[in-house]
There are 4 protein chains.
Amino acid sequence: MRESAQALAEAPSQLSSQQLIGALVEQGLLTDPASPRGRLLFAAARLFEQRGFARTTVRDLAAEVGILSGSIFHHFASKEQILCAVMKEVITLASARMRSAAENAGCPQEKLRACIQSELEAIHEQAVPGFSILVTEWRSLTEESQEEVLRLREEYEQIWLDAIVAAKCPGGAPALVRRLLVGALSHTYSWFKPRNRGLSIPDLTDHIFQIFTP
Amino acid sequence: MRESAQALAEAPSQLSSQQLIGALVEQGLLTDPASPRGRLLFAAARLFEQRGFARTTVRDLAAEVGILSGSIFHHFASKEQILCAVMKEVITLASARMRSAAENAGCPQEKLRACIQSELEAIHEQAVPGFSILVTEWRSLTEESQEEVLRLREEYEQIWLDAIVAAKCPGGAPALVRRLLVGALSHTYSWFKPRNRGLSIPDLTDHIFQIFTP
Amino acid sequence: MRESAQALAEAPSQLSSQQLIGALVEQGLLTDPASPRGRLLFAAARLFEQRGFARTTVRDLAAEVGILSGSIFHHFASKEQILCAVMKEVITLASARMRSAAENAGCPQEKLRACIQSELEAIHEQAVPGFSILVTEWRSLTEESQEEVLRLREEYEQIWLDAIVAAKCPGGAPALVRRLLVGALSHTYSWFKPRNRGLSIPDLTDHIFQIFTP
Amino acid sequence: MRESAQALAEAPSQLSSQQLIGALVEQGLLTDPASPRGRLLFAAARLFEQRGFARTTVRDLAAEVGILSGSIFHHFASKEQILCAVMKEVITLASARMRSAAENAGCPQEKLRACIQSELEAIHEQAVPGFSILVTEWRSLTEESQEEVLRLREEYEQIWLDAIVAAKCPGGAPALVRRLLVGALSHTYSWFKPRNRGLSIPDLTDHIFQIFTP
DNA sequence: GATGAATGAGCTTTCATTCAT
DNA sequence: GATGAATGAAAGCTCATTCAT
């Protein structure tokens with residue numbers, strides 16, 4: 001009974017995840033995951049996240065999608081451009097998801113909770129593969145690429161700041177609180193495994209929410 | 001008022017920073033910073049922190065201490081072993097500092113505050129150069145090296161856990177709270193610059209303390 | 001008289017030397033000598049034999065085939081793997097030649113004579129470049145590579161043992177006799193030059209045959 | 001009973017082995033094995049034989065005698081000079097042993113037998129450590145060193161040639177027969193282990209003697 | 001768009017050798 | 001004679017990138 005209720009409750013968000021991607025692809029904001037370029041970006045997201053950018057070779061990447069390393073440069077000008085493209089895809093998808101999550105939230109507190117959970121899902125579920133790279137591999141980008149990604153990221157961060165302000169989080173300026181949250185949340189990648197029976201993403205969301213709200 | 005009181009309080013611990021290192025060197029727990037090996041480790045800590053481990057070459061390292069790249073392998077068997085050695089020095093020094101800071105704290109709340117401030121100082125001041133590597137370059141270590149460092153790290157983490165328990169932090173299990181703090185604090189490396197007039201380390205400590213205590 | 005008879009007898013086998021290689025290449029047992037990999041192996045065989053494995057650098061090898069050192073690792077994973085590949089080519093070709101030579105022999109005595117001559121040709125003529133490496137550089141192989149080559153070598157050695165048994169050589173067990181022959185024959189590389197007018201390969205074969213048969 | 005008989009029979013040759021070395025040292029023909037230089041040469045003989053010259057580092061050598069690598073160059077000008085010195089020691093000792101063995105032989109056949117056995121003992125027993133290097137590492141010497149060693153070797157080879165001539169070995173010129181023997185005997189290093197119960201050095205000597213005599 | 005071969009700069013590492021102490 | 005630190009040339013190898021086919 002619990003499961004069917006859950007299925008009902010999750011169904012719309014599950015659906016909208018696919019629908020979201022579809023809509024973004026149609027708008028030209030996201031690369032079609034089924035296209036060669038899309039499969040490459042997906043593989044890159046996974047490998048960069050697992051092994052790190054510097055420890056992933058172009059050959060690894062090519063092998064992952066079943067082509068030869070030389071062929072990669074028909075799609076991207078350089079390895080760094082792949083990282084940049086991954087980050088742009090990541091932030092585009094994460095933004096859309098977060099906007100949708102924040103809009104559905106009733107009260108300010110729920111909004112913040114939704115932000116936390118949305119980012120945790122981005123990091124730990126298949127929702128936004130490669131999300132943690134935004135933090136861990138930031139320095140592997142050239143300055144130009146950093147600026148490009150930052151521009152795309154603005155909307156995403158604005159949703160967060162609004163939520164923090166509305167929830168009246170303690171700890172000083174909202175930007176500071178957000179930065180602490182960025183660190184705390186992104187680091188969960190290296191220790192939190194939602195498969196463990198002990199702690200689910202909603203559970204973890206609760207704990208973090210409890211800490212960061214008055 | 002706050003600042004002058006703090007100056008008085010910190011003076012002795014500032015002094016003991018040099019004494020601490022001296023004592024640890026004499027006990028054989030730390031490499032003499034004046035020795036060739038010590039100078040190499042110091043330079044490595046700085047460069048690995050600034051540029052990242054993979055982006056720092058052995059030649060960079062050698063140039064920094066004024067020797068040739070081949071000479072490095074007179075002191076270390078591999079580049080990875082340098083990283084491992086840096087981390088062990090880092091955790092040894094940070095442990096000693098934190099123990100001393102925690103012991104001097106009066107009440108449980110002050111103890112937690114001391115821990116936060118000690119780690120922030122480790123990250124941002126000359127106190128423990130290379131501290132942030134512990135988090136950012138963890139995956140650059142072999143598994144064997146990770147185990148070695150983890151063993152040394154146990155005492156350090158125990159102090160933290162004790163402080164979190166005593167301060168009755170909200171947010172679930174102490175280990176979970178600590179992990180969120182690890183992320184939040186280590187990430188400050190990439191955005192917080194104490195030289196900015198706006199925010200000092202004690203100020204930042206206050207904010208974080210406020211968030212993580214009831 | 002002797003020489004003209006021999007010329008007649010050898011003509012077909014000389015022809016089949018090229019045909020042999022062609023056939024082995026088609027069966028996938030030998031690398032095409034015209035391919036990049038094949039040219040590399042050929043150059044390696046020559047250099048390893050002349051200068052020794054340790055004294056030949058990867059850069060020497062690359063220069064010999066007109067590429068850059070890095071390009072070698074497009075074809076082989078390591079220098080040692082090149083040595084291993086050379087030995088496998090060598091034993092494959094030598095096996096085919098010896099089998100053909102042994103089959104054409106009339107009586108048991110002629111069979112042993114054919115084995116001796118075939119191995120001497122392998123060592124001293126263009127027949128099987130790099131043959132002597134099998135003995136002189138054996139210890140430069142890893143244990144895994146040694147096993148690989150040994151497996152391939154079994155057939156070759158079996159032909160020898162059969163010939164020794166059939167010829168009723170004195171001196172104890174056939175395996176022992178073969179080992180003495182391995183040493184005696186491979187060492188000829190360092191002193192016997194067939195270009196010297198004095199002694200031809202058939203002459204040398206005669207002498208050795210005389211010693212090792214009753 | 002057998003053992004005591006053997007002890008009696010071997011005693012003189014055992015004694016003379018030590019006495020031989022002592023005499024040679026006193027005459028200034030051999031380095032005192034107890035001296036630092038002597039211990040270095042002994043270690044080098046062992047390591048060069050086991051691992052090969054190129055695969056043995058100066059550090060290995062130094063470690064073996066308990067000094068640091070830099071100190072080696074107080075005794076020898078270069079690594080190659082160590083190899084050369086080892087070979088000179090080896091051929092000096094081997095010459096003396098062989099002369100003594102040949103002189104004690106009664107008939108021509110026994111003389112050849114004594115030569116074979118003496119060389120086998122040099123290779124496989126503690127009699128002349130490093131003997132096999134003379135063949136396997138010949139190419140690691142500079143031409144100057146080769147000439148030096150060759151001069152010393154002349155007497156040794158002359159004893160062999162005399163024995164081969166006297167024994168009326170088949171197989172052509174005595175020099176040719178000797179070269180085949182050099183190859184066959186030196187190669188035994190890589191397969192014959194006298195510790196095996198199966199085959200002793202006298203046994204092996206018998207087999208080889210049987211092959212090389214009419 | 002893909003392939004396979006090659007590039008070439010630069011990497012970590014090795015090691016015989018030197019030398020002030 | 002020994003030490004330990006350093007040298008410096010050269011080694012094996014890596015890898016993003018190029019390009020003719």
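These figures come from a predicted structure and were not determined experimentally. Per chain, numbering begins at 1; letters A, B, ... match sequence-line order.
For B:I72 and E:dT12, the CD1 to P distance is 9 Å, given to the nearest whole Å. At whole-Å resolution of the value, CG in D:L83 and P in E:dA16 are 13 Å apart. Regarding C:H75, its NE2 atom lies at a distance of 12 Å from the C1' atom of E:dT7, rounded to whole Å.
Contact annotation for B:T57: backbone-only contact, meaning every heavy-atom pair under 4.0 Å involves sugar-phosphate atoms and none involves a base. No engagement by C:S35 is indicated, since no non-hydrogen atom pair under 4.0 Å with the nucleic acid exists. Residue-level contact check: C:S69 touches the bases, meaning some heavy atom is under 4.0 Å from a base atom.
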Report task. Could you provide the dot-bracket string of DNA chain F, using ( ) for intrastrand pairs, [ ] for crossing pairs and | for bases paired to another strand, with Watson-Crick or G-U pairs below 3.5 Å? Result -> .||||||||||||||||||||

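Heavy atoms only, all atoms of each residue included: A:E137 and A:L83 are closest at O-CD2, 4.0 Å. Smallest separation of non-hydrogen atoms from D:Q81 and D:S145: NE2-OG, 4.0 Å. Closest non-hydrogen pair, A:F53 versus A:S140, comes out as CD2-CB, 3.6 Å. Minimum interatomic distance between A:R139 and B:E49 (heavy atoms only, all atoms of both residues): NH1-O, 2.7 Å.
Residues that satisfy the salt bridge (charged side-chain N to carboxylate O under 4.0 Å, His left out) test with C:R46, not counting sequence neighbours, are C:E64.
Contact of the C:L152 side chain with the C:V149 side chain is not registered, since no non-hydrogen atoms from C-beta on lie closer than 4.5 Å. C:L61 is not listed as a side-chain neighbour of C:K79, based on a closest heavy-atom distance of 4.5 Å or more.
Toward the 5′ end of DNA chain F lies the nearest nucleotide of B:L68, the other residue of the pair B:L68 and C:S71 mapping further downstream. Looking at which nucleotide of DNA chain E each of C:R59 and A:G70 is closest to, the 5′-most match is held by A:G70. In terms of position on DNA chain F, the residue among A:A77 and B:I67 whose nearest nucleotide sits closer to the 5' end is B:I67.
The closest donor-acceptor contact from the side chain of D:R37 to the backbone of D:F76 lies at 3.5 Å or more, if one exists at all.
Counting 5' to 3', DNA chain F first comes under 4.0 angstrom of a heavy atom of chain D and last does so at the ends given by F:dA2 to F:dG4.
Once rounded to the nearest 0.5 Å, the distance linking CD of A:E89 with CG of A:L29 reads 9.5 Å.
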